[in-house]
Novice: 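My questions all concern the structure below.
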Amino acid sequence: MGRKRIVVRHSLLGVKVLDEVSYIDSVFVILPRLMPKDKFRDLRLALLNERRKTGQRYVFKKRIRPDGHFFFVLAVHQPSQRSLEILGDVVAPAPMQARILEVHVALDLITGSFSEAEALQRYVEERLLPSTRTKKPVHCAGNTTYYYRLTRKGVEVALYSDRLGKSTAAPCLHVEWRTIGAHTLRLADLAATADLISLNHRAFWDQRLSLWKIPSADAMLK
């Protein structure tokens, strides 16, 4: 016979999350040739007042293929809606044959101190299930923990808690969900810039931040 009285259970973590901020952290676009000058100028103007305080907000890299031909990879960090719209003008037209190569969606869980952020990181690391694959390769570099690091296709996850958040200058657990490759981007509905602009961040993390869950009170009474 089930118990009549429901016992209220409290979190054992003891860390209060003050705020949750989700945003597109980085977008990588493959370009067979350089962007038109007018679009590149518009992109630079759109990134003047972006969130990032240090480092370049856009980076071009030239890559050489085995056959001797080359292409470019453009990385845009913390893009705004306007910069994504400009990228959409470049990615969409067929003659450019440009496409999104990789998207990083970030979640900053703001805490009151670095020690609380670190405790939150350890709590999440013990419970995070970033993939349905049986193995969960983990690599640690300094205070950053990676799942499936340097994967060429699929999902890579990075967590750290020893730096101020990119979204706000406060201690936080920074979770970065990196979706890599055309197939994985299509499955995640991140293959087009319009998808990034209209991204439902709450639904994104509800689907991916899979943690071990405590049974509900109703389930425990059965």
Side-chain angles (χ1 to χ4, degrees), residues 6-27 47-57 75-81 83-84 102-131 136-150 155-180 188 190 196-220:
I6 298 177
V7 178
V8 178
R9 289 173 169 81
H10 300 281
S11 171
L12 299 177
L13 180 60
V15 173
K16 183 178 180 181
V17 176
L18 303 178
D19 198 4
E20 305 167 2
V21 183
S22 178
Y23 52 94
I24 304 295
D25 190 51
S26 299
V27 179
L47 293 172
L48 283 177
N49 298 316
E50 285 303 312
R51 180 184 294 117
R52 205 173 205 197
K53 302 300 181 183
T54 60
Q56 291 182 309
R57 294 178 179 86
V76 179
H77 302 292
Q78 290 92 57
S80 64
Q81 178 173 329
S83 58
L84 288 173
E102 187 173 334
V103 174
H104 299 179
V105 182
L107 176 65
D108 286 349
L109 300 174
I110 311 300
T111 60
S113 66
F114 283 113
S115 60
E116 289 184 330
E118 182 180 3
L120 184 58
Q121 179 177 349
R122 302 304 169 222
Y123 182 87
V124 171
E125 286 175 351
E126 293 174 357
R127 294 161 175 80
L128 182 62
L129 302 172
S131 173
K136 188 175 67 172
V138 177
H139 177 84
C140 295
N143 293 314
T144 302
T145 300
Y146 297 90
Y147 297 80
Y148 304 105
R149 190 184 190 197
L150 302 180
V155 170
E156 175 184 332
V157 181
L159 302 93
Y160 62 78
S161 57
D162 60 333
R163 282 166 273 175
L164 296 176
K166 296 179 182 179
S167 59
T168 181
C172 73
L173 168 61
H174 178 84
V175 183
E176 210 165 286
W177 201 277
R178 302 170 178 177
T179 306
I180 304 166
L190 297 174
L196 306 184
I197 293 172
S198 62
L199 178 63
N200 184 326
H201 288 260
R202 182 172 295 279
F204 179 90
W205 290 109
D206 282 347
Q207 295 169 13
R208 290 165 177 81
L209 200 58
S210 301
L211 305 176
W212 297 346
K213 296 181 179 179
I214 299 173
S216 66
D218 290 339
M220 295 180 71

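Note that this is a predicted model, so its numbers are computed, not measured.
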Novice: Hey, does Val155 have a side-chain heavy atom less than 4.5 Å from the side chain of Ile180?
Specialist: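 Not touching, per the 4.5 Å side-chain cut-off.
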
Novice: How long is the gap from CG on Leu173 to CG on Leu109, to the nearest 0.5 Å?
Specialist: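 Rounded to the nearest 0.5 Å, the CG-CG separation comes to 5.0 Å.
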
Novice: Considering residues at least two apart in sequence or located in another chain, which fulfil the side-chain hydrogen bond (donor to acceptor under 3.5 Å, both in side chains) criterion with Thr179?
Specialist: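 Scan of Thr179 (side-chain hydrogen bond (donor to acceptor under 3.5 Å, both in side chains), adjacent residues dropped) gives none.
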
Novice: Leu107 and Phe204: side-chain contact (heavy atoms from CB on, under 4.5 Å), yes or no, with the steps?
Specialist: CA-CA 10 Å; Leu107 176 65; Phe204 179 90; over 6 Å; no

Novice: Does Asp19 have any side-chain hydrogen bond (donor to acceptor under 3.5 Å, both in side chains) partners at least two apart in sequence or in another chain, and if so, which?
Specialist: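 side-chain hydrogen bond (donor to acceptor under 3.5 Å, both in side chains) check on Asp19 returns nothing, list empty.
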
Novice: List in chain and number order the residues that pass salt bridge (Lys or Arg N to Asp or Glu O under 4.0 Å) with Arg163, two or more places apart in sequence or in another chain; answer none if no residue qualifies.
Specialist: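 Salt bridge (Lys or Arg N to Asp or Glu O under 4.0 Å) check on Arg163 returns nothing, list empty.
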
Novice: Under the rule for side-chain contact (heavy atoms from CB on, under 4.5 Å), what residues qualify as partners of His139, not counting sequence neighbours?
Specialist: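 side-chain contact (heavy atoms from CB on, under 4.5 Å) check on His139 returns Ala141, Tyr146, Arg149.
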
Novice: So, taking the atom named CG in Leu84 and the one named OG in Ser198, what distance separates them when rounded to the nearest 0.5 Å?
Specialist: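 Leu84 CG to Ser198 OG: 10.5 Å, rounded to 0.5 Å.
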
Novice: How far apart are the C-alpha atoms of Leu120 and Val17, what are their side-chain angles, what is the distance that settles it, and do they pass the side-chain contact (heavy atoms from CB on, under 4.5 Å) test?
Specialist: CA-CA 9 Å; Leu120 184 58; Val17 176; 4.0 Å; yes

Novice: Return the minimal non-hydrogen interatomic distance between Val105 and His201, and the atom names on each side.
Specialist: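 Closest pair (atom of Val105, atom of His201, distance): CG1-ND1, 4.3 Å.
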
Novice: Spell out, as yes or no, whether a donor-acceptor pair under 3.5 Å connects the side chain of Glu118 to the backbone of Phe114.
Specialist: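 No, Glu118 side chain to Phe114 backbone: no donor-acceptor pair under 3.5 Å.
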
Novice: Mind checking what makes side-chain contact (heavy atoms from CB on, under 4.5 Å) contact with Ala170, not counting sequence neighbours?
Specialist: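 For Ala170, the residues satisfying side-chain contact (heavy atoms from CB on, under 4.5 Å) (neighbours in sequence not counted) are Ile110, Thr168.
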
Novice: Please name all residues satisfying side-chain hydrogen bond (donor to acceptor under 3.5 Å, both in side chains) with Ser161, sequence neighbours left out, ordered by chain then number.
Specialist: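 Expected list: Gln121.
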
Novice: Once salt bridge (Lys or Arg N to Asp or Glu O under 4.0 Å) is applied, do any residues pair with Asp25, and if so which ones, sequence neighbours excluded?
Specialist: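 In terms of salt bridge (Lys or Arg N to Asp or Glu O under 4.0 Å), with neighbours along the sequence ignored, Asp25 is linked to Lys166.
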
Novice: Is there a side-chain contact between Leu18 and Thr111 (heavy atoms, below 4.5 Å)?
Specialist: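 Of all side-chain heavy-atom pairs linking Thr111 with Leu18, none is under 4.5 Å.
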
Novice: Going from OG on Ser26 to CD on Gln78, what distance comes out if it is rounded to the nearest 0.5 angstrom?
Specialist: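 One gets 6.0 Å once the value is rounded to the nearest 0.5 Å.
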
Novice: Quick one: OG1 on Thr144 to CD on Glu176, what's the gap to the nearest 0.5 Å?
Specialist: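 Between Thr144 OG1 and Glu176 CD, I get 9.5 Å after rounding to 0.5 Å.
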
Novice: How close do Tyr147 and Leu128 get, counting heavy atoms only, and between which atoms?
Specialist: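 What the structure gives for the nearest pair is CE1-CD2, 3.7 Å.
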
Novice: The criterion is side-chain hydrogen bond (donor to acceptor under 3.5 Å, both in side chains); which residues satisfy it with Asn200, sequence neighbours excluded?
Specialist: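 Asn200 satisfies side-chain hydrogen bond (donor to acceptor under 3.5 Å, both in side chains) with no other residue.
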
Novice: For a quick test of reading the model, state the closest non-hydrogen atom pair linking Cys172 to Gly165 and the distance between them.
Specialist: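 Scanning both residues completely, I find the closest heavy atoms to be SG-CA, 3.4 Å.
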
Novice: Among residues at least two apart in sequence or on other chains, which ones pass side-chain contact (heavy atoms from CB on, under 4.5 Å) with Ser115?
Specialist: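 Result, side-chain contact (heavy atoms from CB on, under 4.5 Å) vs Ser115: Ser113.
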
Novice: Taking all non-hydrogen atoms of both residues into account, name the closest pair between Glu156 and Leu150 and its distance.
Specialist: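 Looking at all heavy atoms of both residues, the closest pair is OE1-N, 3.1 Å.
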
Novice: Taking the side chain as everything from C-beta on, heavy atoms only, tell me whether Asp108 gets closer than 4.5 Å to Tyr23.
Specialist: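 Side-chain contact under 4.5 Å: yes.
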
Novice: Between Pro171 and Leu164, what is the shortest heavy-atom contact and its length?
Specialist: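 It is N-CD2, 3.8 Å.
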
Novice: Taking all atoms of both residues into account, what is the closest heavy-atom pair of Leu190 and Val103, and its distance?
Specialist: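 Minimum heavy-atom separation between Leu190 and Val103: O-CG2, 4.0 Å.
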
